[in-house]
Amino acid sequence: MMEKNFKAKKVEKRIYKLWEKSGYLKAKPNDKKEPFSIIMPPPNANGPLHIGHAVFVSLQDILIRYQRMLGKEVLWLPGFDHAGFETQVVFEKELAKEGKTRFDFDKETFRKMLLKFCQKHKKIAKKQLKVLGASCDWSKEKFTLQKSLVEKVYDTFITLFKDGLIYRGERIVNWCTFHGTSLSDLEVVYENRKGKLYYIKYPLKDSGFIEVATTRPETMLGDTAIAVNPEDERYKNLINKIAILPILNRELRIIQDKRVDKEFGTGAVKITPAHDPLDFEVALDHNLEKIKVIGEDGKMLETAGKEFAGLTTLECREKLLEILEKENLIDKIEDYNLKIGVCYKCKNPIEPILSKQWFIKMKPLAKEAIKVVKKKEIIFFPSYFKKIYFHWLNNIKDWNISRQIVWGIEMPIYECQNLKDKIEFPYFVSKKKPKNCPLCKKCNPKKIEDVFDTWFSSSQWPYITLGYPNSKDFKYFYPTSVMETGKDILFFWVARMIMMGFYITKKPPFKKVILHGMVRDKDKQKMSKSKGNVIDPLAVIKDFGADSLRFALIFSQDLGQDPVLSEEKIKSQRNFINKIWNASRFILTKEKLPQKISENDFKKIKLTKADKMILKELNRAIKFTTKYLDNFKFHLAAQYLRKSFWHIFCDLYIEKAKIQLKNKKLENNTKKILLFSLITYLKLLHPFLPFITEEIYQKLAIKNKKDFLMVENWPEPISF
RNA sequence: GGACGGUUAGCUCAGGGGAAGAGCGUCUCGUUUACACCGAGAAGGUCGCAGGUUCAAAUCCUGCACCGUCCACCA
């Protein structure tokens with residue numbers, strides 16, 4: 001017996017268990033079938049799923065279920081990410097609530113605590129993916145820290161190392177003084193902040209002054225030159241003259257460099273090689289000394305002068321300005337809007353600091369990654385992301401992959417203790433600690449403390465999770481069919497996967513890239529915890545069911561646009577689901593329904609006008625849904641199906657059918673068509689609304705059906 | 001400073017050279033073999049602005065405006 005309303009909560013849980021038990025979620029290489037594979041973007045194992053996860057599950061599950069019904073051998077491989085920096089930040093916040101910090105624990109203890117934390121959240125997230133209806137193969141679940149994967153990550157690193165693509169460089173890096181680590185360029189965000197532009201006079205050795213403008217006076221303590229544009233007439237006669245750095249009295253040569261903008265400030269720039277990326281480059285070209293005056297803790301070093309050592313940069317600035325003022329060396333101070341780089345997590349200003357870090361040379365990798373997309377071996381949906389991708393790769397800089405945090409995969413690099421101060425590069429790579437140091441043959445080499453940027457392991461995700469190079473899964477499912485993820489991680493993840501995947505496996509890691517937007521609230525605001533406008537997917541599911549949420553998420557917007565979600569929208573889709581339920585109830589509660597139904601039945605029987613109308617509509621629905629799904633136009637498919645089912649099938653045909661059922665001659669045929677239509681719609685709707693469609697399918701009392709709708713054949717247009 | 005999206009009914013958005021569409025909201029009517037989480041019907045839009053191409057433009061082209069996003073070393 002069917003209840004009056006569809007009880008999503010109860011049914012969905014039961015149905016998922018049935019799917020799991022059925023074994024149909026599992027993928028096995030099968031040469032008789034065409035493969036279709038998606039590697040799931042692994043959720044961070046550091047908190048419950050958010051609405052963004054619901055978006056990717058909706059889209060990917062649609063593709064997976066559609067392809068499964070098309071008869072392909074389908075793999076959707078789930079996994080979870082230890083998410084190094086992200087997780088450490090979340091975890092430290094939790095610790096702070098108990099009044100503790102990471103410094104209260106030794107490294108090993110802290111790591112154990114974090115692992116426990118991840119494992120706890122992995123379990124929760126897994127349960128939640130099931131609640132969302134993700135039809136993935138749990139037998140192949142992966143975790144970024146599992147031994148077998150870490151081994152592969154090391155293999156990749158060692159390959160890159162041997163190929164000369166890894167180097168240890170002293171560069172200006174983005175240093176977060178709050179978190180005590182370097183960050184990649186992508187982990188720095190820029191904010192507009194009010195600041196000042198200080199015009200400071202540096203005395204010339206001979207006589208007179210040269211004036212420079214700076215937003216950060218305290219960095220002047222690290223100045224080692226002054227630069228002007230070669231074409232700047234004002235300074236022609238000062239080239240190669242010597243200026244004196246105030247307070248420290250260091251001699252600074254006035255040099256020419258075309259990177260200097262004549263129009264800005266005074267046209268003369270103080271050069272601080274150890275604390276500014278551009279100055280660093282200038283210094284390299286002109287062979288200038290690099291004096292580090294700010295330390296990793298954000299405080300001034302001894303090199304800044306005794307009176308400043310130990311002060312924070314801001315304290316130093318104030319004291320410095322006071323002195324300069326006294327000495328009459330400040331010409332003027334202007335208000336200035338500056339863009340300041342801040343840590344994307346804590347929003348504290350990033351300190352550009354000269355530091356030794358491990359880098360990957362990106363240019364060679366980027367070249368291939370560009371080529372593979374140009375050759376259309378990888379296709380982007382929507383296609384305009386291709387341009388953004390090219391632009392980034394064409395301007396790519398080397399990637400700093402070493403992090404000075406605790407949580408992450410340790411870098412497999414060792415330092416020879418005998419040679420560490422004697423040779424320039426006392427390092428070697430090794431997956432395991434060797435008994436004998438390969439460099440000096442004597443010492444007990446020390447593993448370096450750094451861990452990998454999490455994205456370094458993530459960049460290898462598709463091929464390492466499939467068991468590159470020898471597993472059956474890798475050979476059968478790689479390159480994967482589709483990579484579907486958020487547009488916000490196009491550079492962080494997608495571009496890097498293409499580079500690494502292609503470099504290591506010589507094949508693109510996936511054939512198609514699908515990018516979705518970021519969910520916004522009904523005022524089009526980004527959802528964030530601090531704004532308090534987040535929609536918790538699990539809470540919504542409790543009220544309206546996973547099907548409603550999934551349909552609402554994909555219904556409105558084209559791919560790549562930011563979906564706008566509100567309770568109203570979810571409710572509206574819940575109503576649609578209830579409509580499906582009730583139309584089914586109307587049909588399935590009829591007595592003496594046909595026991596068997598096939599698409600050939602309608603060639604033989606006499607059809608009324610209404611019968612023909614709905615059969616034609618079914619054919620159209622099949623055609624459009626298939627076309628839209630093949631082109632990743634999920635919203636159009638959903639919109640079409642809703643309209644077709646509700647306003648054509650229910651409002652027109654079922655209403656007509658009520659009359660036809662009263663006519664003894666038409667009664668049986670009408671039942672047949674009602675049932676056939678319903679089954680067809682269930683199949684078409686199943687990728688979008690897996691739970692309710694499966695539940696109704698399970699209630700069908702016909703003989704020629706499969707045990708699950710999930711593995712039914714995708715419908716094709718019929719002739720009648 | 002560059003690039004990429006968007007601008008269509010009160011609201012949220014589809015559509016994309018040949019008679020302006022949906023959902024929600026509003027109004028009127030309706031207890032009918034499922035569904036009020038429903039049905040029948042109605043009102044409501046010079047498709048951001050200005051040019052151009054075309055027999056025909058919301059749709060293609062050019063420019064502009066506004067909103068949003070990303071990228072970039074102006075000290």
Side-chain angles (χ1 to χ4, degrees), chain A residues 2-6 172 185-186 189-190 195 197-199 212-217 219-220 223 226-227 259-272 275-282 336 338-339 341 352 382-392 394-397 487-488 490-491 517-518 520-526 544 548 552 555-558 560-569 571-591 633 635-636 638-640 642-643 646-647 650-652 654-655 657-662 674:
Chain A
M2 291 176 79
E3 295 179 68
K4 196 170 167 184
N5 287 323
F6 177 62
I172 299 285
D185 293 341
L186 289 174
V189 293
Y190 289 86
L197 188 58
Y198 304 86
Y199 290 77
V212 299
T214 178
T215 55
R216 297 195 63 194
T219 62
M220 70 187 279
D223 285 0
I226 290 174
R259 280 165 284 208
V260 177
D261 180 358
K262 286 193 287 184
E263 310 302 322
F264 187 88
T266 62
V269 190
K270 59 191 250 351
I271 298 297
T272 320
H275 296 287
D276 181 281
L278 180 66
D279 293 4
F280 178 78
E281 280 176 33
V282 172
Y336 188 69
L338 45 99
K339 268 207 169 157
S383 60
Y384 56 75
F385 283 112
K386 199 168 57 180
K387 294 184 207 167
I388 300 170
Y389 170 84
F390 284 141
H391 182 261
W392 189 69
N394 280 322
N395 296 286
I396 199 160
K397 280 188 267 169
K487 64 179 181 184
D488 56 331
L490 173 59
F491 306 143
M518 309 293 108
R520 293 172 179 261
D521 70 7
K522 60 179 188 307
D523 302 317
K524 294 192 98 183
Q525 296 291 306
K526 265 190 195 166
F544 302 105
S548 310
F555 190 77
S556 285
Q557 284 85 0
D558 198 354
Q561 304 291 7
D562 293 341
V564 174
L565 190 65
S566 62
E567 193 170 306
E568 278 174 11
K569 290 191 175 194
K571 225 184 243 175
S572 161
Q573 300 307 352
R574 188 273 319 264
N575 294 352
F576 174 52
I577 283 155
N578 196 52
K579 187 77 183 175
I580 297 172
W581 181 254
N582 272 295
S584 307
R585 190 158 72 105
F586 173 78
I587 297 165
L588 297 183
T589 50
K590 291 275 163 293
E591 286 177 8
K633 294 285 188 187
H635 64 304
L636 296 183
Q639 287 172 18
Y640 188 95
R642 179 177 155 128
K643 194 174 170 181
W646 196 326
H647 302 296
C650 294
D651 293 350
L652 297 180
I654 291 187
E655 290 309 315
K658 286 176 184 171
I659 299 163
Q660 294 188 15
L661 286 172
K662 284 182 196 159
L674 281 170

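Owing to the predicted nature of the structure, the values given are computational and were not obtained by experimental measurement.
Asp651(A) has its CG atom 19 Å from the P atom of G30(B), to the nearest Å. As a whole-Å value, the separation of Gln557(A) CD from U12(B) P is 11 Å. If you take NZ of Lys579(A) and P of G23(B), they are 12 Å apart, rounded to a whole angstrom. When the C1' atom of C4(B) is taken as reference, atom CD of Gln561(A) falls 11 Å away, rounded to whole Å. Atom P of nucleotide C24(B) and atom CZ of Phe576(A) are separated by 12 Å, given to the nearest angstrom. For His647(A) and C24(B), the NE2 to C1' distance is 12 Å, given to the nearest whole Å. Here the C1' atom of nucleotide G39(B) and the CG atom of Asn578(A) are 15 Å apart, to the nearest Å. Put simply, NZ on Lys658(A) is 11 Å from P on U32(B), counting in whole angstrom units.
The side chain of Lys643(A) sits closest to G21(B) out of G5(B), C37(B), G21(B). Here C4(B) is the nucleotide among C37(B), A14(B), C4(B) with the atom lying nearest to any side-chain atom of Lys387(A).
Contact annotation: Lys4(A) reaches the phosphate of A36(B) (side-chain N/O to OP1 or OP2, under 4.0 Å). Checking the phosphate oxygens (OP1, OP2) of G39(B), a side-chain nitrogen or oxygen of Trp646(A) falls inside 4.0 Å.
Taking atom P in both G21(B) and A9(B), the straight-line distance is 14 Å, to the nearest Å. A57(B) and G41(B): their C1' atoms are spaced 33 Å apart (whole Å).
Cation-pi check for Lys386(A) over Phe390(A) is not met; the charged atom does not lie both under 6.0 angstrom from the ring centroid and within 45 degrees of its normal.
Salt-bridge annotation for Lys658(A) and Glu655(A): present, with a side-chain N of the basic residue lying under 4.0 Å from a carboxylate O of the acidic one.
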How would nucleotides 69-75 of chain B be written as a contact map, 5' to 3', with B for base contact, S for sugar-phosphate-only contact and - for no contact, using protein heavy atoms under 4.0 Å?
SSSBBBB
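Aromatic ring pairs are classed by plane angle as parallel below 30°, tilted from 30° to 60° and perpendicular above 60°; the pair Tyr336(A) and Phe264(A) is perpendicular.
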